[in-house]
Amino acid sequence: MQIHYFRPFEKLLAYMDYRPRDIEKKWRQYWVENDTYKVSNDSDKPKFYVLDMFPYPSGAGLHVGHPLGYIASDIFARYKRLCGYNVLHPMGYDAFGLPAEQYAIQTGVHPAVSTNENIARYREQLDNIGFSFDWSREVKTCDPEYYKWTQWIFLELFEHWYDNAQQKARPIKELVAHLEANGTEGLEAAQSEPISLSAKAWKEMSAKEKDSTLMNYRLAYRKTTFVNWCEELGTVLANDEVKDGVSERGGFPVERKPMLQWSLRITAYAERLLRSLDTLEWSEAMKKMQSNWIGRSEGAQVFFPIQGHNESIEIFTTRPDTIFGATFMVLAPEHDLVDELTTPEQRAEVDKYLEYVKSRSERDRMADVKEATGVFTGAYATNPLTEQLVPIWLGEYVLKDYGTGAIMAVPSDDERDHRFATKFGIEIIDVIDKSDYPDAGREDKVGKMINSGFLNGMEVKDAIEKTLQEVEKRGIGSRQVNYRLRDAIYSRQRYWGEPFPIMYDADGVAHGMDVKDLPLELPDLADFKPASGGKSPLARAEDWVYAVDGYTRETDTMPGFAGSSWYFLRYMDAGNPEAFASREAVNYWQDVDLYVGGTEHAVGHLMYSRFWHKFLFDKGLVPTDEPFRKLINQGMIQGVIESMYMQKEKVNGYNRFVCAGLVGEEPDKDFVKIPVHVDFVQDYGSNASHMDTESIKKFMDWRPEFQHAIFECGNGIYQDGTFKSKKEVDGSHLMTVSEVGKMSKRYFNVVNPDDVVERYGADCFRMYEMFLGPVEQAKPWDTKGIDGVSKFLRKFWGLFLDQEGNFHVSDAEATKDEQKILHTCIKKIREDIERFSFNTCVSGFMVATNDLQKARCNKRSILEQLVVLLAPFAPHMTEELWHKLGHEGSVHDAAFPEFEPKWLIEDSIAYPISINGKKRALAEFPADASKDDLEKAALELEDIQKWIEGKTIRKVIVVPKRMINIVVG
RNA sequence: GCCCGGAUGGUGGAAUUGGUAGACACGCAGGACUUAAAAUCCUGUUCCCGUUGAGGGAGUGCGGGUUCGAUUCCCGCUCCGGGCACCA
């Protein structure tokens with residue numbers, strides 16, 4: 001049949017031929033059969049390590065937000081591979097965690113079972129998207145073969161201390177040797193609290209005493225810390241789970257309770273963690289967050305002697321200059337000296353206050369600063385410089401774990417101290433005259449000292465230095481560097497985590513297990529509820545706890561960040577039974593070149609991983625001091641949340657839903673928002689979102705408890721299948737509320753990538769996720785726009801087809817214009833991938849495809865290069881085209897196209913010409929025109945003449961190859 | 001409360017180093033093809049005034065500033081998102 005020339009039918013054939021479902025399935029199988037993505041540790045090529053933050057496999061499965069970062073990193077990994085690198089691009093699962101345990105408590109399903117099911121589901125979903133992961137290196141943190149090494153690293157931390165002089169971790173044995181020889185003399189160690197000890201005293205200690213002394217130095221050690229304890233739930237809660245002093249789940253009272261817990265001495269590494277931030281290619285924001293988290297401050301440690309006691313209160317201040325204004329002291333309510341200090345007269349009031357503070361979460365205590373709370377202990381301390389007596393108060397705004405848990409309060413120069421003093425009528429002495437700085441705030445470090453004895457007349461900066469000298473001279477304190485960073489609490493009273501490889505002997509002395517006995521596997525349990533008295537569920541497994549004669553096992557488990565602090569190293573040599581990774585593997589892969597993940601891990605995971613890595617570096621186990629060279633943060637993909645207003649009170653026993661247009665100014669008073677499945681809502685996500693009569697019927701089928709409810713809108717009232725009209729209009733138009741928020745089961749707005757892939761194909765899904773916007777940015781998901789990308793892919797496919805829809809490319813030489821289209825595209829893709837701007841890559845491909853279609857180009861020399869260029873983005877389609885072009889191997893082993901600038905050289909350039917910065921004309925001038933020529937030519941233009949007529953030309957700015965601006969007055 | 005981000009047409013976004021604001025898409029409107037629909041192609045689409053295809057004004061959350069020129073830099077706000085140490 002002869003087909004006459006008209007596009008539509010011809011195109012129809014072309015598009016019919018592109019069947020993503022068949023193509024994608026075929027090539028995915030081919031890749032598996034050919035080990036296309038298997039990576040060797042033995043290669044002549046330069047290495048490149050692209051890593052994603054591994055997911056926690058939740059029961060809800062992946063939604064379209066999860067793969068965003070994975071797609072970006074996959075594109076980058078594939079790009080690097082095409083550029084000739086040996087690319088490590090692995091994936092695994094952060095598989096220990098609370099949700100699985102919670103689920104187990106509710107349903108009795110063992111966390112291992114549900115976790116494995118979830119992992120299987122994740123794997124299916126991931127496979128569906130066509131990632132280039134080397135699955136032979138998969139890790140699961142809950143796998144004993146994996147957590148064996150988590151336990152091993154913990155033991156290494158346990159067996160080391162930090163030498164501040166050498167600035168590195170050293171074996172405990174060397175510390176013991178030092179103590180035996182010299183006691184604490186000459187010892188510069190990171191420690192919980194300063195102790196001094198003679199060699200003799202050390203030698204005379206009992207095993208138990210030695211153990212607790214060493215705990216003062218170990219990098220993994222035990223100490224008492226405060227936790228949010230919920231008696232009713234029998235467990236410790238995260239700050240997140242505590243709302244207004246009660247548990248979010250159940251509303252039970254929560255109190256701050258001291259507990260003996262394992263901690264990691266991350267503070268020993270504070271300075272190094274801070275300093276090496278400079279060497280990282282992370283966003284400034286991310287570095288700043290880390291640096292703020294570490295919170296280095298220089299100042300003075302000062303001791304305030306307590307009147308009538310032998311002890312002193314140690315404080316740290318960054319403003320020693322203001323010491324003459326220190327009119328009172330505030331201790332954290334948990335401070336060790338509180339009990340001792342409190343006078344009998346104040347006892348009752350102090351106890352009442354302590355009771356109140358117990359119910360306050362740390363978050364509340366930091367957030368509620370408007371209203372100061374506190375109580376007087378009845379005791380006084382001596383200000384060591386003024387020798388005045390100052391009252392000692394307790395206040396919840398001072399936190400036990402920050403600094404020394406005590407402050408000297410200077411109401412004149414500290415906002416919170418001022419609020420406190422004002423409320424309780426404590427004396428305020430102005431010590432800085434700020435009259436030269438009218439804009440300065442209370443806490444600004446400027447002005448001249450007054451009322452400050454020997455400091456009077458000095459500028460603040462000099463006064464700080466002078467006070468430091470004076471403090472040291474008088475022996476009442478010393479210069480000190482303080483960090484906000486706290487040691488990481490490492491114990492969890494949970495089941496689903498790594499068991500500690502620790503056993504206690506009859507004296508309660510902690511012993512690390514022998515490495516050959518690792519992994520210490522989690523015992524099986526039928527009941528995952530916490531054991532009584534704040535004990536971990538593991539305490540129920542008595543056979544396990546008392547398995548070794550004379551010893552009891554630690555029953556707490558490790559926290560979520562344990563397994564995730566080193567997983568990137570395991571990928572280098574997954575499955576190695578001899579070591580966490582072989583020396584050769586670690587030396588070859590070195591570190592992660594590109595790490596992609598969410599900002600929500602800004603301080604937690606990223607800080608802990610860096611700390612562990614530095615420790616392993618000290619041990620010579622890894623060759624680099626930092627694990628993640630470059631970091632890219634992906635934004636969250638949000639969903640549209642649609643809800644209807646339902647009146648809180650029922651009407652004649654029926655629920656009443658009311659149009660958002662009818663609820664008045666303060667809808668929250670009388671109405672609650674009931675989330676509606678977004679699929680039911682017309683025009684969802686817009687101001688016009690509404691439910692018509694059909695939508696309401698669907699809603700009632702979905703939520704049968706509302707089948708007799710009243711639905712009222714401006715048009716009328718709908719109930720039990722009948723619509724009573726208020727006007728002439730028939731049918732409901734009930735407005736819903738549209739918000740942007742988390743994609744979550746509870747809002748019925750989750751979009752499963754499988755559904756999108758099924759409909760449009762994985763290549764389309766991948767490119768659409770990228771096309772949505774910059775990877776780093778949060779953005780709402782909307783499937784509506786996906787047609788544009790789908791159309792693009794079919795158009796691209798169409799370039800390879802003749803008018804009959806047969807595959808046909810021409811071997812004729814490409815024209816200059818065609819080369820220009822190609823090389824414009826190569827340049828853009830190369831540059832944009834390098835700066836992680838994947839959304840603009842997609843538009844670059846669209847532009848090239850549109851241009852080539854217009855040029856009716858089907859030249860092999862052009863299209864073949866474009867196929868390789870597109871391969872990282874659309875791996876399946878390009879693989880099909882590559883083979884159709886006659887190649888044998890995979891397109892993913894081809895070479896990435898090189899950019900040749902010669903094709904983009906222009907003879908002339910279009911210059912915008914502005915008058916006073918406003919564009920008035922556009923004109924082509926030769927590319928090599930001089931500044932003077934450009935100025936002259938611009939002024940002569942007709943369009944410009946009318947603007948400068950009768951005016952003075954004050955200045956002409958010519959930026960060659962850019963623009964011309966004429967300033968007239 | 002503290003720390004870190006973000007805000008550009010009806011929508012997602014582009015503008016890489018201070019130099020043509022709105023690339024590329026979605027949506028919408030009109031047209032071609034079709035018995036019709038789908039699909040596809042073409043044209044238009046920041047807003048306002050004006051209009052023959054003239055021309056002009058405003059404009060990147062709000063208010064100031066620096067500059068020949070500001071989405072971009074500085075100061076002050078508003079709103080939204082993330083983190084704040086046991087969610088992962």
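Throughout, protein chains are lettered first and strands after them, A, B, ... in sequence-line order, and every chain is numbered starting at 1.
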Heavy-atom side-chain contact between A:Phe252 and A:Val254 under 4.5 Å: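 Side chain of A:Phe252 against side chain of A:Val254, heavy atoms only: no contact under 4.5 Å found.
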A:Trp293 and A:Leu485, any side-chain heavy atoms less than 4.5 Å apart: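 A side-chain contact under 4.5 Å exists here.
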Are more than 12 heavy atoms from other residues, nucleotides or ligands located less than 6.0 Å from atom [atom1] of [X]?
X        : atom1 : value
A:Lys287 : NZ    : yes
A:Tyr103 : OH    : no
A:Lys288 : NZ    : no

Closest-nucleotide 5' rank along RNA chain B - winner of A:Asp782 and A:Gln638: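 So the residue in question is A:Asp782.
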Sub-6.0 Å ring centroid separation between A:Trp797 and A:Tyr18: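 A:Trp797 vs A:Tyr18: aromatic centres under 6.0 Å.
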Any side-chain donor near an acceptor of the partner, A:Tyr768 and A:Asp787, under 3.5 Å: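 The criterion, which ignores hydrogens and geometry beyond distance, is not satisfied for A:Asp787 and A:Tyr768.
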A:Glu498 side chain to A:Thr557 side chain, donor-acceptor N/O pair below 3.5 angstrom: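 Judged by distance alone, the side chains do not pair up.
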Just checking [X]: base, sugar-phosphate only, or nothing, at a heavy-atom cut-off of under 4.0 Å?
X        : value
A:His601 : base
A:Ala285 : sugar-phosphate
A:Pro780 : nothing
A:Trp496 : nothing

Gap in Å between the two [atom1] atoms, one belonging to [N] and one to [M], rounded:
N      : M      : atom1 : result
B:rA70 : B:rU16 : P     : 16 Å
B:rC74 : B:rC84 : C1'   : 29 Å
B:rA21 : B:rG69 : C1'   : 14 Å
B:rG57 : B:rG5  : C1'   : 35 Å
B:rG65 : B:rG18 : C1'   : 15 Å
B:rG6  : B:rU17 : P     : 14 Å
B:rA25 : B:rU78 : C1'   : 31 Å
B:rA29 : B:rG9  : C1'   : 16 Å

Pair partner, [N] [Watson-Crick or wobble, under 3.5 Å]:
N      : value
B:rA32 : B:rU40
B:rA58 : B:rU46
B:rU52 : none
B:rG22 : none
B:rA7  : B:rU78
B:rG69 : none

Least distance between heavy atoms, A:Val959 atom then A:Tyr911 atom: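 The answer is O-CE2, 3.9 Å.
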Protein-nucleotide distance ([X], atom [atom1]; [N], atom [atom2]), rounded to Å:
X        : N      : atom1 : atom2 : answer
A:Ile637 : B:rG12 : CD1   : C1'   : 11 Å
A:Asp414 : B:rC2  : CG    : P     : 13 Å
A:Glu831 : B:rU16 : CD    : P     : 12 Å
A:Met770 : B:rG13 : CE    : P     : 13 Å
A:His66  : B:rA88 : NE2   : P     : 14 Å
A:Gln634 : B:rG81 : CD    : P     : 19 Å
A:Met607 : B:rC4  : CE    : C1'   : 13 Å
A:Ile294 : B:rC2  : CD1   : P     : 22 Å

Salt bridge present between A:Arg830 and A:Glu834 (N-O < 4.0 angstrom):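 No, A:Arg830 and A:Glu834 are not salt-bridged.
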For A:Asp832, salt bridge (charged side-chain N to carboxylate O under 4.0 Å, His left out) partners two or more places apart: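 With neighbours one apart ignored, the set is A:Lys828, A:Arg835.
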Shortest side-chain distance from A:Lys955, nucleotide among B:rA88, B:rC68, B:rA39: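 Selected nucleotide: B:rC68.
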Options B:rA15, B:rG56, B:rC68, nucleotide nearest the side-chain atoms of A:Trp947: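 Nearest to the side chain of A:Trp947 among the choices is B:rG56.
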Short side-chain N/O contact from A:Arg920 to OP1 or OP2 of B:rG57, under 4.0 Å: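 Yes, because at least one side-chain N or O of A:Arg920 sits under 4.0 Å from OP1 or OP2 of B:rG57.
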Six-ring centre of A:Trp229, A:Arg256 cation under 6.0 angstrom, axis tolerance 45°: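 Cation-pi check for A:Arg256 and A:Trp229: fails.
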Atom pairs under 3.5 Å: protein N/O with N/O of nucleotides 84-87 of chain B:
| from | atom 1 | to | atom 2 | distance (Å) |
| --- | --- | --- | --- | --- |
| B:rA85 | OP1 | A:Asn239 | ND2 | 3.3 |
| B:rA85 | OP1 | A:Arg363 | NE | 3.4 |
| B:rA85 | OP1 | A:Arg363 | NH2 | 2.6 |
| B:rA85 | OP2 | A:Asn239 | ND2 | 2.8 |
| B:rA85 | O5' | A:Asn239 | ND2 | 3.4 |
| B:rA85 | N7 | A:Arg486 | NH2 | 3.2 |
| B:rA85 | N6 | A:Arg484 | O | 3.0 |
| B:rA85 | N1 | A:Arg486 | N | 3.0 |
| B:rC86 | OP2 | A:Arg492 | NH2 | 3.2 |
| B:rC86 | O4' | A:Arg492 | NE | 3.2 |
| B:rC86 | O4' | A:Arg492 | NH2 | 3.3 |
| B:rC86 | O2' | A:Leu237 | O | 3.0 |
| B:rC86 | O2' | A:Ala238 | N | 2.6 |
| B:rC86 | O2 | A:Arg494 | NH2 | 3.2 |
| B:rC86 | N4 | A:Gln261 | OE1 | 3.4 |
| B:rC86 | N4 | A:Gln261 | NE2 | 3.3 |
| B:rC86 | N4 | A:Ser491 | O | 3.4 |
| B:rC86 | N4 | A:Gln493 | OE1 | 3.3 |

Syn or anti conformation of B:rG6, syn meaning chi within 90° of 0: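 You should classify B:rG6 as anti.
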Atom pairs, protein N/O to nucleotides 18-27 of chain B N/O, distance under 3.5 Å:
| from | atom 1 | to | atom 2 | distance (Å) |
| --- | --- | --- | --- | --- |
| B:rU20 | O2 | A:Lys919 | NZ | 3.3 |
| B:rA25 | OP1 | A:Asn850 | ND2 | 2.5 |
| B:rC26 | OP1 | A:Lys791 | NZ | 2.8 |

